[in-house]
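First listed ligand is number 1; within each ligand, the first listed atom is number 1. Please read all numbers here as calculations on a predicted model, not as lab measurements.
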Amino acid sequence: MTQTLCVEDVHVTFKNATIIDGMSLTVDDDEFVSIVGTSGCGKTTFLRALGGLLPLSSRIGRAELHGEPLRTPEPRVAMVFQHFGLFPWKTVEENILYGVRVQHRQEPTERVQRLLDVMHLDDARRKYPRQLSGGMKQRTGIARALVLEPELLLLDEPLSAVDAITREVMQQEVIHLIESEPRTALLVTHDLDEAIIMSDRIVVLGGPPAHVVLDVRSPIDRPRTLESVRSHPDYLTLRKELWSALEAGRAAA
Ligand SMILES: Nc1ncnc2c1ncn2[C@@H]1O[C@H](COP(=O)(O)OP(=O)(O)O)[C@@H](O)[C@H]1O
Ligand SMILES: [Mg+2]
């Protein structure tokens, strides 16, 4: 299989602290990979390095997307942030179209409408972020990324700031979107269940400095629903394996 994303030897140092010390990762085409790790282990820093939001002190040995080096800014990559990252002075629709307009692309009217529908944003399209709940803000963030049809989607704990019920609904919506139009995605989360529910493969990080403790393919195949995953015979075994790896990663840090 082709490797959509190939990152080798990422190093990030802030002041005197080494946050990432030589991390490597490859992701296949259309694979949904979750990176799990405890708070502060360097997950966001790793995604920011990939997304080209690099601090000056960082260095990537090699980062390629479909064989082409990752550049900055990188129009092939779209990122969804933990704290929404919406423009407060723009409406939902304008936020969603932001990347399209910056890249001087033709506005994909049908695609925007489909995303507004799937994400239940149609009634909110002319609202501003301050008028929205956390869930609606993040639906906008996800739509803004997906409208670009990125070769690589980076998701940094996109659901961690929404309430538990909305979170489950949105997990299901995102699974549905990804399964209906396959896309290579890297999700960072500290939530094991979210990782299991959404992913084809799960990478457990220890740290800092961030390092891979475990890299497993999920025994639970697509199509996935919250129900089907939780009632899968391998669910608990996988969860225990991930939990042990998290503990080991924390102990080693
Ligand atoms: N811009 C920065 N300057 C200094 N330290 C930072 C900066 N960004 C992150 N850190 C530190 O790097 C470590 C990893 O942070 P982060 O990547 O945000 O972790 P995670 O996303 O896994 O919770 C933390 O100790 C954090 O304080
Ligand atoms: Mg983070």
Quiz prompt | Per-atom contact, atom 8 (N) of ligand 1, protein heavy atoms, under 4.0 angstrom | solution = yes

Self-check item: Distance, nearest 0.5 Å, that separates CD of Glu173 from CZ of Arg139
Solution: 4.0 Å

Self-check item: Cationic N near anionic O, under 4.0 Å, Glu68 to Arg76
Solution: no

Self-check item: Backbone N/O of Leu226 and side chain of Gln172: donor-acceptor pair under 3.5 Å
Solution: yes

Practice problem: Would you confirm whether any non-hydrogen atom of the protein falls under 4.0 Å from atom 26 (C) of ligand 1? | Solution: no

Quiz prompt | Selection from Thr13, Thr44, Ile19 by shortest heavy-atom distance to atom 11 (C) of ligand 1 | solution = Ile19

Quiz prompt | Any Gly40 heavy atom less than 4.0 Å from ligand 1 | solution = yes

Practice problem: Compute the shortest N/O to N/O distance between Gly42 and ligand 1 and return yes if it is under 3.5 Å, no if not. | Solution: yes

Practice problem: Taking both backbone and side-chain atoms into account, decide whether Ser39 has an N/O/S atom under 2.8 Å from the Mg ion (ligand 2). | Solution: no

Quiz item: Salt bridge between Arg183 and Glu151, side-chain N to carboxylate O under 4.0 Å?
Solution: no

Quiz item: Under a 4.0 Å N-O cut-off, is there an ion pair linking Asp122 with Arg114?
Solution: no

Practice problem: Determine, for Arg222 against Asp200, whether the closest basic-nitrogen to carboxylate-oxygen distance falls under 4.0 angstrom. | Solution: yes

Quiz item: To the nearest 0.1 Å, how far is atom 6 (C) of ligand 1 from its closest protein heavy atom, and which atom is that?
Solution: Phe14 CD1, 3.2 Å

Quiz item: For atom 15 (O) of ligand 1, what is the nearest protein heavy atom, given as residue, atom name and distance?
Solution: Thr45 OG1, 3.8 Å

Quiz prompt | Where ligand 1 meets Ser39 - atom numbers and elements under 4.0 angstrom, heavy-atom basis | solution = 23 (O)

Quiz item: Any nitrogen or oxygen of Cys41, main chain or side chain, under 3.5 Å from a nitrogen or oxygen of ligand 1?
Solution: yes

Exercise. Flag the pair Arg201 and Asp215 as a salt bridge only when some basic side-chain nitrogen lies within less than 4.0 angstrom of an acidic carboxylate oxygen.
Key: yes

